[in-house]
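Take a look at the structure set out below.
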Number of protein chains: 2
Amino acid sequence: MEHRLDRIKKQLHAQSYKLTPQREATVKVLLEREEDHLSAEDIYLLVKEKAPEIGLATVYRTLELLLELQIVEKINFGDGVSRYDLRQEGLEHFHHHLVCVECGSIQEIFENLLVDVEKKVEEEWGFQVQDHRLTFHGVCKKCQQAKLKKSRMTK
Amino acid sequence: MEHRLDRIKKQLHAQSYKLTPQREATVKVLLEREEDHLSAEDIYLLVKEKAPEIGLATVYRTLELLLELQIVEKINFGDGVSRYDLRQEGLEHFHHHLVCVECGSIQEIFENLLVDVEKKVEEEWGFQVQDHRLTFHGVCKKCQQAKLKKSRMTK
DNA sequence: GTGCCTGCAAACTGTTTGCAGCGAT
DNA sequence: ATCGCTGCAAACAGTTTGCAGGCAC
């Protein structure tokens, strides 16, 4: 965990930005809650626990900065809120998401499922792909099992 | 074009909603500008040309209704605005988008490129897919050619 | 008259901006 | 002394809501 923070620190310095206490607290929250797809507000509240004097605007500015440095990605699952997701180190493509319509959980897929699809898009549509966003909406394993159980009970 | 309007009218009636003049004007705009990925504001301005007395709130309410009836889809390309896209009749899956980072154009792909991918997701992750969102960001054919031309000129 | 639908204005939510102050160099 | 960074408050943009009136049945 620490090494990732260090690497981010270096990335910032390389572009002559500083890793201020507020920025560090924000990055730490992102690292700790990596799987969580937090909104800016969520992050703000969590950062406040570490650094109570921080302002929401600072969180937004930090996130914008991290976005610019490609450390995080901004995603939008359809509710009006932007969520922030750490990019995987050493993974050139953006990972996919499985959003459960029952329980709202969000699972991540790091395997690149789109290699063939991208090839096809480049060949058949002449479109030079740089990045992608892929989200599936449906029912997660857990909720399927829960539903099954329920239907057996009512039988 | 008329037949699609008729069909939508029937869909509304089936759920005991009325196709009021305002709703009709809104749907007509959506049909006429089908390829355009309009925002609510865009739609509002276009509808105003047909029905100047309409209010923005009505447009929002109509779009919400159409969303509920699965006639349109709400999409978000990352700028803060929701855009509305007519679903293709007789196409069960939601179509894909190619967003050009150079010129901002948005191209649609109606072919379902995700059949194999969805199968894999169901099998390997146990996730029961209902719908998907796939967007590619990159450079469209036109802009690639324009860039090529430019680079030849500077040679 | 009942109930759906509308326009308007106000409210709300998430995000951005302006500004004065602070702290490190 | 400069300059980047911060907190606060105000501004802003997109969307939603409350409400009184209107229209169709």
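The shown structure was predicted, so the numbers you read here are calculated from the model rather than taken from an experiment. Each chain gets a letter, A, B and so on, in the order the sequences are listed, and its residues count up from 1.
When each of B:Arg133, B:His137, B:His97 is tested with A:Arg133 by the rule side-chain contact (heavy atoms from CB on, under 4.5 Å), just one qualifies, namely B:His137. With respect to B:Leu134, the side-chain contact (heavy atoms from CB on, under 4.5 Å) criterion is satisfied by exactly one of A:Val121, A:Thr135, A:Leu114: A:Leu114.
Looking at heavy-atom distances under 4.0 Å, A:Leu56 makes contact with a base. Among the protein residues, A:Gln22 comes within range of the sugar-phosphate backbone only, with heavy atoms under 4.0 Å from sugar or phosphate atoms but none that close to a base. When heavy atoms are screened at a 4.0 angstrom cut-off, B:Ser16 is found touching no nucleic acid atom at all. Contact annotation for B:Glu64: no contact, since no heavy-atom pair falls under 4.0 Å across all strands.
Within the 4.5 Å cutoff, the side chain of B:Lys28 has heavy atoms near those of the B:Leu5 side chain.
Heavy atoms only, all atoms of each residue included: B:Ser82 and B:Lys74 are closest at OG-CE, 3.5 Å.
Contact annotation: B:Thr58 does not reach the phosphate of C:dC5 (side-chain N/O to OP1 or OP2, under 4.0 Å). Taking 4.0 angstrom as the limit, B:Thr20 places a side-chain polar atom (N or O) nearer than this to OP1 or OP2 of C:dT6.
At least one test fails for A:Arg83 against the ring of A:Phe77: distance under 6.0 Å to the centre or angle within 45° of the axis.
The OH-C1' distance, from B:Tyr60 to C:dT13, rounds to 13 Å in whole Å. Counting to the nearest Å, the C1' atom of C:dT15 and the CG atom of A:Asp42 are 15 Å from each other. Atom OH of B:Tyr17 and atom P of C:dT6 are 12 Å apart (whole Å). Rounded to whole Å, the distance from CG on B:Leu65 to P on C:dC4 is 13 Å.
A donor-acceptor distance shorter than 3.5 angstrom exists from the side chain of A:Thr26 to the backbone of A:Gln22, with no hydrogens or angles considered. Between the side chain of A:Glu122 and the backbone N or O of A:Val129 there is at least one donor-acceptor pair closer than 3.5 Å. Using a distance-only test at 3.5 Å, with no hydrogens or angles considered, a donor-acceptor pair links the side chain of B:Gln144 to the main chain of B:Val139.
Residue A:Lys9 qualifies as open at atom NZ: its count of foreign heavy atoms under 6.0 Å is 12 or below.
Between the side chains of A:His95 and A:Glu108, at least one donor N or O sits under 3.5 Å from an acceptor N or O. A:His37 and A:Asp42 form no side-chain donor-acceptor contact under 3.5 Å, judged by distance and modelled atom types alone.
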Dot-bracket for DNA chain C: what is it, with Watson-Crick or G-U pairs under 3.5 Å, [ ] where a pair crosses earlier ones, and | for a pair to another strand?
|||||||||||||||||||||||||

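Between A:Val81 and B:Thr62, the residue anchored closer to the 5' end of DNA chain C is B:Thr62, taking for each the nucleotide with the nearest heavy atom.
Non-hydrogen atoms lying under 4.0 Å from DNA chain C are contributed by nothing in residues 67-79 of chain B.
In this structure, the nucleotide among C:dC4, C:dT15, C:dT6 sitting nearest to the side chain of B:Arg61 is C:dT6.
On the nucleic acid side, DNA chain D contacts chain B at distances under 4.0 Å to non-hydrogen atoms, with the end points of that region at D:dG14 to D:dG18.
Taking the six-membered ring where tryptophan is involved, the planes of A:His132 and A:His96 are tilted, since the angle between them lies from 30° to 60°.
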